[in-house]
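These notes concern the structure reproduced below.
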Amino acid sequence: MGRVYNFSAGPAILPESVLKKAAAEIMDYQGTGMSVMEMSHRSKPYEAINDAAEALLRELMGIPDNYQVIFMQGGASSQFAMVPLNLFHKSNKADYVNTGEWSKKAIAEAKKYGAVRVVASSEDKMFSYIPRLNKSMFDQEADYAYIVTNNTIFGTLYPELPDVGKLPLVADMSSNFLSQVYDVSKFALIFAGAQKNVGPAGVTVVIIRNDMLGHAKDITPTMFNYKIQADAKSLYNTPPCYTIYIAKLVFEWLKEMGGIPVIEKINREKAAILYNFLDNSTLFKGTVNPQDRSLMNVPFVLPSEELNENFIKEATQNGFVQLKGHRSVGGMRASIYNAMPIEGVKKLVEFMKKFEMANK
Ligand SMILES: *Cc1c(COP(=O)(O)O)cnc(C)c1O
């Protein structure tokens with residue numbers, strides 16, 4: 001069997017050229033006689049990979065000099081605790097926007113360490129939209145404001161960043177990291193688990209403004225202290241070396257194609273193909289408020305559970321895999337991350353058209 005069209009929400013599809021490069025280098029990485037998996041994280045070749053990964057990411061995102069880049073373990077979920085443990089330091093208050101499962105989990109975790117206020121929520125309509133926000137809704141005394149830029153499960157995306165006044169803005173960008181241009185200087189902290197748009201599971205990228213460092217609570221575990229991790233240049237302990245190496249290959253792939261503005265344009269084209277079809281279909285239906293639609297995760301439904309099941313089954317038989325929606329939403333979800341080629345989306349839509357004709 002050849003490669004399938006993989007619409008998994010994560011761990012997700014990787015660029016084929018990256019997989020090929022990794023395969024070519026697996027027995028002998030650049031004349032070292034070993035794979036990156038087998039080398040000391042204190043060795044020269046590995047340090048070069050670590051440095052190059054950071055430099056490439058800085059270049060791709062235009063990360064200002066007063067920000068640190070940290071490659072961490074523990075997944076995006078560890079950040080749910082790390083953020084409050086490091087950022088609560090003055091009022092011990094934080095403002096969260098609740099836009100889905102991932103913000104709910106972050107809220108629950110932050111509540112262990114301080115006073116969390118949910119400033120707005122879209123739970124009333126199954127998280128199918130992004131609440132409209134304005135500055136007056138945010139408590140200017142809070143230590144930070146927290147959003148999830150792209151909601152992986154429900155398929156929503158902030159059409160624009162909220163105005164939070166002078167509050168440090170923290171963003172969980174796990175599922176749309178590097179998919180569109182963001183001005184990093186608008187954020188105090190960005191984090192993203194790798195397995196959606198960056199590489200294999202195992203590394204979480206943290207981009208943090210210098211003034212956010214050094215306020216960790218006394219109880220903060222050493223490994224959870226951003227300052228300790230930043231000072232050690234992500235090498236406080238053994239990092240997930242191989243994952244960081246793959247991330248570096250993905251960054252190179254993005255740079256070669258022209259960077260984030262180019263991939264954003266492609267991502268918008270891909271999403272438009274799918275949404276246009278959904279908007280004009282008499283059978284399939286998108287589940288998200290059109291203004292707030294994700295470019296990365298596209299949930300949709302058919303009129304009955306039976307049709308949903310048949311569609312997923314037939315799609316799988318035809319090489320379109322991992323299209324089942326999250327258990328909390330049902331139906332289908334096509335995740336079309338950076339590495340999904342435009343042909344994959346076109347072919348999926350062709351298949352959906354055929355399914356529609358056959359099931360009218
Ligand atoms: C996948 C995901 C997470 C959880 O990531 P883990 O690495 O599994 O902890 C958190 N937030 C968002 C937005 C995600 O998409």
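Just follow the structure's listing: the first ligand is 1, and inside any ligand the first atom is 1.
Annotation: side chain of F177 is not in contact with side chain of Y337 (no heavy-atom distance under 4.5 Å). L178 is listed as a side-chain neighbour of I260, based on a closest heavy-atom distance under 4.5 Å. Looking at heavy atoms from C-beta onward, E47 lies in side-chain contact with L235 at the 4.5 angstrom threshold. Contact annotation: the side chain of E314 never approaches that of F320 to less than 4.5 Å [non-hydrogen atoms, C-beta and beyond].
A salt bridge does not link E141 to K93: none of the charged nitrogens lies less than 4.0 Å from a carboxylate oxygen. Residues D292 and R132 are paired through a salt bridge, judged by an N-O separation under 4.0 Å between the basic side chain and the carboxylate. Between K248 and E252 there is a salt bridge, since a side-chain N of the basic residue sits under 4.0 Å from a carboxylate O of the acidic one.
Distance from atom 11 (N) of ligand 1 to its nearest protein heavy atom, with residue and atom name: D172 OD2, 2.6 Å. At the shortest separation from atom 9 (O) of ligand 1 among protein heavy atoms lies S77 OG, 2.6 Å. Protein heavy atom in closest approach to atom 5 (O) of ligand 1: A76 CB, 3.4 Å. Protein heavy atom at the shortest distance from atom 1 (C) of ligand 1 is K196 NZ, 1.6 Å.
Judged by the shortest distance from any of its heavy atoms, G193 lies outside the 4.0 Å radius around the atoms of ligand 1. Using a non-hydrogen distance threshold of 4.0 Å, Q195 registers as a contact of ligand 1.
In terms of N/O distances under 3.5 Å, ligand 1 is approached by T152.
Taking every heavy atom of G75 and a limit of under 4.0 angstrom, the matching atoms of ligand 1 come to 7 (O), 9 (O). Close approach of ligand 1 to S175 (heavy-atom distance below 4.0 Å) involves ligand atoms 15 (O).
Residue-level proximity to ligand 1 for V148 is carried by the side chain, the only part with a heavy atom below 4.0 angstrom.
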